[in-house]
Amino acid sequence: MDIWDQFFSWGAVPGHLAYAVIAVSYLLTNIFWLRLAAVVGIGFEIVYFLLSGSAVWPSIVWDSAFILINLVQLGLILRDRFSLKLSADQEAFLKPIVGDLDKAQVAQLLRTAEWRTLLPETVLTAESQPVKDLTFVCEGQTAVRVKGQLVAHVGAGAFVGDVSFATGGPATATVTAEETVRVLAFDQAELKVLCRRDEQIASALYRRIGGGLADKMRATTRRL
Ligand SMILES: Nc1ncnc2c1ncn2[C@@H]1O[C@@H]2COP(=O)(O)O[C@H]2[C@H]1O
């Protein structure tokens, strides 16, 4: 059989399906669908090897290992997705931070954070001191003071602790709650580990932080 006969034969169909699905998986950016496509594609490849009559056992064994790895990872993603339970207002608060991240990634993000209700006068950051949390303000307003002087207010939809998170330095200001404030407090150290592991999460978060810092800078210079 020459090359073209073999290429267009019925026996080659599982092979074509396998490589077409694997090619599609290379185009996917959502990790869940990418892994699922990889499992289907590699599965077809095994069928192709078995039907071709010249079963290549080292390839079949390695293919099976790749499928197993992807299935385990898919299981972990599904576990994360189903573990995510949010009230409607929590979902609304999160929307600006998470953008179009997958539910499983949102669940991972939330594992580094805690919902808190802060009483008036609670100190979120103390000037020149290390900052433990990157705090997203969901409701209420905070006062930002430098050397005792009020320089800004940070309210709903903005971060407190974003400068230290981005630079690794101490707090640039003392921030206190001016009223009862509802926040989502991310542990900075845990969040950095997660950002190193998942570039999509890192990019969504840093995009939000960058936009927020630009808004703060604009507001500060407008007041000068
Ligand atoms: N000029 C400002 N306008 C708004 N927020 C500020 C200003 N200066 C400092 N902050 C906030 O106060 C926080 C203190 O801790 P960070 O320096 O980590 O991050 C800082 C910002 O979130």
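Every number for a ligand or one of its atoms is a count from 1 in the order of the listing. Any value given below was found using the heavy atoms of this structure, including those in side chains, with hydrogens, waters and symmetry copies removed.
The side chain of A152, and not its backbone, has at least one atom closer than 4.0 Å to an atom of ligand 1 (non-hydrogen atoms only; side chain from C-beta on).
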Given side-chain hydrogen bond (donor to acceptor under 3.5 Å, both in side chains), test S87 with D89 step by step and report yes or no.
CA-CA 6 Å; S87 64; D89 60 344; 2.6 Å; yes

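Under a 4.5 Å side-chain heavy-atom criterion applied to ILVMFWY residues, the cluster that includes V21 comprises W10, V13, L17, V40, F44 as well. Membership of the apolar cluster around V160 extends to L118, L124, V137, V144, V146, V151, V154, V175, V181, V183, as traced through chained side-chain contacts below 4.5 Å between ILVMFWY residues.
Heavy atoms of other residues, nucleotides or ligands lying less than 6.0 angstrom from NZ of K103 number 12 at most.
Looking only at atom types and distance, the side chain of T142 has no donor-acceptor partner in the side chain of E178 under 3.5 Å away. Using modelled atom types and a 3.5 Å distance limit, the side chains of S203 and R207 yield a donor-acceptor pair. Inspection of the E179 and Q141 side chains reveals no N or O donor paired with an N or O acceptor under 3.5 Å.
Atoms of ligand 1 lying under 4.0 Å from at least one heavy atom of A171, given by number and element, are 15 (O), 17 (O). Every atom of ligand 1 is numbered from 1 in the order shown, and the set under 4.0 Å from a heavy atom of A173 is 9 (C), 12 (O), 14 (C). For ligand 1, the atoms lying closer than 4.0 Å to a non-hydrogen atom of T220 are 1 (N), 2 (C), 3 (N). Distances below 4.0 Å separate heavy atoms of F159 from the following atoms of ligand 1: 22 (O). Those atoms of ligand 1 with a heavy atom of V160 less than 4.0 angstrom away are 22 (O). Those atoms of ligand 1 with a heavy atom of V154 less than 4.0 angstrom away are 4 (C), 5 (N).
Under the 4.5 Å side-chain heavy-atom criterion for Ile, Leu, Val, Met, Phe, Trp and Tyr, V61 and I69 are members of distinct hydrophobic clusters.
Among R218, M217, Q129, K216, the residue whose heavy atom lies closest to atom 4 (C) of ligand 1 is K216.
In this structure, CZ on F32 lies 4.5 Å from CG on L78, to the nearest 0.5 angstrom.
Protein heavy atom closest to atom 9 (C) of ligand 1, with residue, atom name and distance, is T172 OG1, 3.5 Å. Scanning the protein heavy atoms around atom 21 (C) of ligand 1, the nearest turns out to be D162 OD1, 3.2 Å. In this structure, atom 12 (O) of ligand 1 lies nearest to the protein heavy atom V175 CG2, 3.3 Å. The protein atom (non-hydrogen) at minimum distance from atom 8 (N) of ligand 1 is V144 CG1, 3.9 Å. Scanning all protein heavy atoms for the shortest distance to atom 18 (O) of ligand 1 gives S164 OG, 2.5 Å.
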